[in-house]
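Here the structure comes first, spelled out in structure tokens, and everything after it is commentary.
So you know, we letter chains A, B, ... as the sequences are listed, proteins then strands, and number each from 1.
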Amino acid sequence: MNYDFKTAEAKWQKKWEESEAFKAEDNSDKKKFFALVEFPYPSGAGMHVGHIKAYSGLEVTSRKRRMEGFNVLFPIGWDAFGLNTENYAIKTKTHPRKVTMDNVAHFTAQLKRVGFSFDWSREINTTDEDYYKWTQWIFLKMFDNGLVFRDRTLVNYCPSCKVVLSNEDSQGGKCDVCHSDVVQRAKEVWYLRITAYADRLLTGLDTVDYPANVKAQQVNWIGRSEGAFVNFALAGTNEKLRIYTTRPDTLFGVTFMVMAPEHPLIDKYAEQIANFDEVKAYRAECAKKTEFERTQLVKDKTGVKLDGLCAVNPVNGKEIPIYIADYVMMGYGTGAIMAVPAHDQRDWEFAKKFGIDIIEVIKGGDIEKEAYAGDGEMVNSDFLDGLTDKKSSIAKMLEVLEERGLGEKGVQYKMKDWAFNRQRYWGEPIPIIHCPACGMVGVPYDELPLTLPKVENFEPGSDGESPLAKIDEFVNCTCPRCGGKAKRETDTMPQWAGSSWYYLRYCDPHNDTCLADPEKLNYWMPVDWYNGGMEHVTRHMIYSRFWHKFLYDIGAVPCEEPYAKRSIQGLILGPDGDKMSKSKGNVVDPLDVVDEYGADVLRTYVLFMGDYGQSAPWSDSSVKGCKRFIDRVWNLQTILNDSEEYSEKLETGFNKAVKKVGEDIENLKYNTAIAALMTLLNDIYDAGSITRKELKTFITLLNPFAPHVTEEINEVQNLGSMLAKAQWPTYDPDKCVDALIEIAVQVNGKLRARVMVPADADDAAALEIAKANADIAAQIEGKTLIKELYVKGRLVNIVVR
RNA sequence: GCGGAUAUGGUGAAAUUGGCAGACACGCAAGAUUUAGGUUCUUGUGCCGCAAGGCGUGCAGGUUCGAUUCCUGUUAUCCGCACCA
């Protein structure tokens with residue numbers, strides 16, 4: 001009896017669809033479970049095995065939860081705006097809308113062939129007008145609430161994609177899309193004030209269930225530091241040079257100041273700087289370097305002293321020289337620092353190179369050799385002298401600074417405001433109008449969506465202008481406030497916009513009056529379990545948590561955090577152990593596996609290959625092992641008898657398996673859940689026969705992993721209604737242990753024998769049985785008994801001398 | 001430099017609060033079935049050793065009757081951030 005997986009899989013996929021087996025119900029009294037997987041970017045390459053692993057985890061959990069009686073929302077959609085599609089569209093001279101629709105159709109067909117239990121009736125697409133209407137609505141709300149601003153700053157610009165990138169999208173100085181070097185450019189661009197939410201993004205982490213490393217990475221990204229702002233007078237002016245430091249306790253050790261080359265005070269006092277030509281030359285040199293180069297030349301400190309300008313130390317009135325150097329960044333703190341070479345290694349290196357004094361203010365290190373950053377007794381520090389720990393020195397210094405009006409406590413974040421714009425076609429148009437009289441005015445809410453004009457030519461301009469700027473009928477408009485002539489903003493939103501709130505739309509995907517009905521949000525939110533990749537932990541997750549908190553503040557969503565629980569799936573590496581990539585030729589196409597072995601084998605294998613959270617290399621021969629398993633499951637029908645009970649032989653095994661599989665699924669240990677089913681299968685074949693009840697239990701447990709073959713067996717053997725609507729099996733805790741169990745017997749901690757004892761044996765009984773064993777008796781013969789113990793169900797250890 | 005992780009057979013990996021290291025699977029070997037290949041089935045498989053026995057979870061110590069698990073030190077690899085003041 002051969003299992004024809006091709007026919008069976010197509011058949012069951014159709015049946016599930018027709019019976020709406022996976023449709024989430026609105027207005028239900030049932031307990032809800034909202035399982036979310038990161039919706040894919042529908043690229044031209046089609047589905048990757050990584051997608052399959054990413055969805056298979058919560059796929060299994062969702063199927064189990066439905067069988068447990070939950071109302072499950074397990075949705076899918078398309079994160080379809082973005083540069084990749086647009087670049088492909090330009091290359092092939094096809095409209096990005098068409099490219100997107102083709103790719104979505106391809107992905108959909110592929111996902112359906114794997115048999116995922118998504119609720120397709122809630123499918124969303126970020127490029128649909130009735131979806132991005134609400135993306136624009138959220139943007140306008142942020143605009144109205146002062147979270148949107150424009151600023152002319154140095155931005156990360158990708159010369160190849162001709163687009164401004166956020167810090168997050170240009171990590172390591174490379175464009176996240178095309179990997180070319182990013183350059184710094186002065187440009188007026190849009191920002192979202194995410195830093196206003198920095199503290200809440202941090203404290204919110206205490207209320208959610210994310211893995212520790214995910215939290216750590218977000219904490220690190222937000223990068224909160226506590227310190228002080230201190231104002232140094234510029235000698236001979238009324239100007240204050242404001243700096244930020246985390247070590248105000250070392251203020252008496254300051255021997256020079258450093259400003260970022262771009263610091264505005266340099267131009268303001270250009271006339272007083274005797275060597276301004278030299279300064280200009282240095283600045284020009286710095287501007288040529290990319291930020292990446294600047295941060296790579298860690299060892300070699302460069303800089304120029306500002307002749308004729310010096311600062312005054314506010315606590316002791318000493319005059320100190322000022323330098324500009326590119327190891328100080330304009331983008332962090334105030335763009336200027338107080339340098340304490342004795343206790344900061346970077347300052348120390350700079351001081352050594354430029355022959356500047358080094359004054360020790362904390363004892364404990366050898367400042368001739370290197371800076372000392374540790375704790376110790378304060379010296380050369382006036383009112384701080386004698387204090388011995390950092391905390392009280394900082395507290396004392398802050399007290400004095402605040403008392404004398406010289407500075408104050410302050411907090412800084414590494415996270416910067418979110419550069420929120422693209423000069424490209426394939427994104428949500430930013431719904432703002434520039435009016436010469438009224439300034440920036442939001443597009444009226446009732447005019448949303450502001451749709452992308454349908455154009456032939458969507459190639460980016462060479463000057464960093466959006467292609468939309470070339471379309472007069474789009475650009476020219478009237479000001480909604482004064483009715484005068486005005487121009488539309490032509491930048492579009494970055495790819496991360498649509499994905500920052502998509503989970504909300506799943507709760508009510510077709511609503512035309514608000515982003516989602518509050519009652520439905522109230523029922524479904526928050527997301528109970530969100531699975532995805534590590535690469536989205538700092539960008540997508542922080543962005544969407546920010547949007548969500550804002551939406552909470554304006555009353556649009558019922559809870560403050562979007563995701564109650566987060567898990568991470570590990571990468572699937574190529575068979576050679578390297579990351580899969582087209583250039584290495586080690587990419588595995590999941591549909592090849594479906595064609596050759598069936599969807600159930602693919603699904604089982606990606607979960608069986610190892611710990612769900614770890615990366616693991618693909619192995620074709622292990623796939624065959626899973627194929628063998630599925631075939632052996634199918635062949636259970638050949639040893640089926642007609643009993644409707646558990647057999648005596650297998651009752652404990654089945655109870656154990658029900659317990660283990662259920663628990664393992666909840667703990668993301670899909671690999672050991674499958675292993676437990678394999679063990680049970682081996683036991684069944686050893687027993688030589690299976691009852692109808694046993695078969696029903698077995699296929700129900702396996703159903704979330706391998707839904708097609710189990711449904712087919714269920715139908716062929718007439719074991720009841722569709723498994724998708726069956727009940728998850730229960731177990732009897734009393735029947736999970738065998739009456740007689742094997743335990744280890746150790747003498748002096750070394751394994752010497754194994755004996756059988758009754759499961760409920762007490763210490764005395766177990767020890768008696770152990771000592772009765774001939775090998776053990778020989779081992780302890782004639783020796784003094786020091787200690788003996790029995791660990792219930794595990795082992796006996798007898799210590800003798 | 002900061003933060004996080006990982007290290008177990010030939011391979012992917014298992015191992016409740018410290019309690020039989022290597023479950024499960026791959027691979028390999030031998031055998032059975034098959035005209036042959038493939039499939040399927042049976043048996044064996046951590047290392048050394050003929051055996052008794054010994055050795056084994058990156059390395060070196062420690063705590064303990066007992067350590068893959070806890071502590072101290074150390075090495076290697078991977079990931080994220082990074083002249084962050």
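In this structure, A:His536 and A:His540 have perpendicular ring planes: the angle between them is above 60°, well past the 30° mark. In this structure, A:Phe256 and A:Phe350 have parallel ring planes: the angle between them is below the 30° cut-off, well short of the 60° mark.
Checked against B:rG3, B:rC55, B:rA85, the side chain of A:Asn220 finds its nearest nucleotide in B:rG3. Of all nucleotides listed (B:rG80, B:rG12, B:rA85), B:rG12 comes nearest to the side chain of A:Phe608. Taking the side chain of A:Thr672 as heavy atoms from C-beta on, and the options B:rA15, B:rC24, B:rA85, the nearest nucleotide is B:rA15. Comparing B:rG4, B:rA85, B:rG80 against the side chain of A:Tyr332 picks out B:rA85 as the nearest. Candidate nucleotides B:rG27, B:rC55, B:rA85 were compared by shortest atom distance to the side chain of A:Thr246, and B:rA85 ranks first. Side-chain atoms of A:Val791 lie closest to B:rG19 of the nucleotides B:rA85, B:rG80, B:rG19. Distance from the side chain of A:Lys669 is smallest to B:rA15 among B:rA15, B:rG4, B:rG19. Each of B:rG19, B:rG3, B:rA21 was ranked by its minimum atom distance to the side chain of A:Leu751; first place goes to B:rA21. Each of B:rG66, B:rA85, B:rC26 was ranked by its minimum atom distance to the side chain of A:Asn797; first place goes to B:rG66. Proximity note for A:Ala616 (side chain, C-beta onward) versus B:rA85, B:rC26, B:rG12: the nearest is B:rG12.
For B:rG38, the glycosidic angle deviates from 0 by more than 90°, giving an anti base.
Look at OH on A:Tyr612: it is 17 Å from C1' on B:rG12, rounded to the nearest Å. The distance between atom NZ of A:Lys792 and atom P of B:rG66, rounded to the nearest whole Å, is 25 Å. In this structure, A:Asp686 places its CG atom 11 Å from C1' of B:rU42, rounding to the nearest Å. Straight-line distance from the CD atom of A:Gln746 to the P atom of B:rG18: 16 Å, rounded to whole Å. Between the CG atom of A:Asp683 and the C1' atom of B:rC24 there is a distance of 12 Å, rounded to whole Å. In this structure, OH of A:Tyr210 is placed 18 Å from C1' of B:rG4, rounded to the nearest angstrom. In this structure, OH of A:Tyr605 is placed 11 Å from C1' of B:rA13, rounded to the nearest angstrom. A:Ile786 has its CD1 atom 11 Å from the P atom of B:rC65, to the nearest Å.
Within the 4.5 Å cutoff, the side chain of A:Val606 has no heavy atoms near those of the A:Tyr670 side chain. Within the 4.5 Å cutoff, the side chain of A:Asp763 has no heavy atoms near those of the A:Leu789 side chain. Here the side chains of A:Ile542 and A:Ile194 are in contact, with some heavy-atom distance below 4.5 Å. Between A:Ile320 and A:Phe232 the shortest side-chain heavy-atom distance falls below 4.5 Å.
Each of A:Arg346 and A:Tyr685 has a nearest nucleotide on RNA chain B; the 5'-most of these lies closest to A:Tyr685. Heavy-atom nearest nucleotides on RNA chain B were determined for A:Lys787 and for A:Ser619, and the one closer to the 5' end corresponds to A:Ser619.
An OP1 or OP2 oxygen of B:rA14 is reached within less than 4.0 angstrom by a side-chain nitrogen or oxygen of A:Asn671. Taking 4.0 angstrom as the limit, A:Asn682 places a side-chain polar atom (N or O) nearer than this to OP1 or OP2 of B:rA25. Between A:Tyr244 and B:rA85 there is no side-chain N or O to OP1 or OP2 distance below 4.0 Å.
Panel note: side chain A:Asp576, backbone A:Asp578; a donor-acceptor pair is recorded below 3.5 Å. Judged by distance alone, with hydrogens and angles left aside, the side-chain atoms of A:Asp326 form no donor-acceptor pair with the main-chain N or O of A:Cys286 at under 3.5 Å.
Comparing B:rG61 with B:rA5, their C1' atoms are spaced 24 Å from each other, to the whole Å. Rounded to a whole angstrom, the distance from the P atom of B:rG38 to that of B:rA32 is 15 Å. Of the P atoms belonging to B:rG66 and B:rG56, the separation is 15 Å, rounded to the nearest Å. On the C1' atoms, B:rC24 is 8 Å away from B:rA13, given to the nearest whole Å. Comparing B:rC84 with B:rG80, their C1' atoms sit 16 Å apart, to the nearest whole Å. Separating the P atom of B:rU69 from that of B:rA15 is a span of 15 Å, rounded to the nearest Å. Comparing the C1' positions of B:rU39 and B:rU16 gives a spacing of 40 Å, expressed to the nearest Å. A distance of about 32 Å separates the P atoms of B:rA51 and B:rA14, rounded to the whole Å.
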- For A:Met678 and A:Ile674, run side-chain contact (heavy atoms from CB on, under 4.5 Å): C-alpha distance rounded to whole Å, both residues' side-chain angles, the deciding distance at 0.1 Å, then the answer. CA-CA 6 Å; A:Met678 289 175 168; A:Ile674 294 167; 3.9 Å; yes
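Both tests pass for A:Lys53 against the ring of A:Tyr612: distance under 6.0 Å to the centre and angle within 45° of the axis.
Taking 4.0 Å as the cut-off between side-chain N and carboxylate O, A:Glu38 and A:Arg566 count as a salt-bridged pair. Taking 4.0 Å as the cut-off between side-chain N and carboxylate O, A:Lys624 and A:Asp620 do not count as a salt-bridged pair.
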- Note on the structure: Encoded 5' to 3' (Watson-Crick or G-U under 3.5 Å; [ ] crossing; | other strand), RNA chain B becomes (((((((..(((......[....)))((((((.......))))))(((....)))..(((((..]....))))))))))))....
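For the segment residues 625-633 of chain A, the set of residues with a heavy atom within less than 4.0 Å of an atom of RNA chain B comprises A:Gly625, A:Arg628, A:Arg632, in numerical order.
Heavy atoms of A:Glu788 sit nowhere under 4.0 angstrom from any nucleic acid atom. Counting non-hydrogen atoms under 4.0 angstrom, A:Ser615 reaches the backbone sugars and phosphates but no base. Backbone-only engagement by A:Asp611 is indicated by non-hydrogen atom pairs under 4.0 Å involving sugar-phosphate atoms exclusively. At a threshold of 4.0 angstrom between heavy atoms, the contacts of A:Glu742 include nucleobase atoms, whether or not backbone atoms are also involved.
Results of the ring pair (Phe, Tyr, Trp, His ring centres under 6.0 Å) test with A:Trp418 over A:Tyr543, A:Trp496, A:Tyr191 single out A:Tyr543 as the only residue that passes.
On a pure distance criterion of 3.5 Å, no polar donor-acceptor pair joins the side chain of A:Lys624 and the base of B:rC26.
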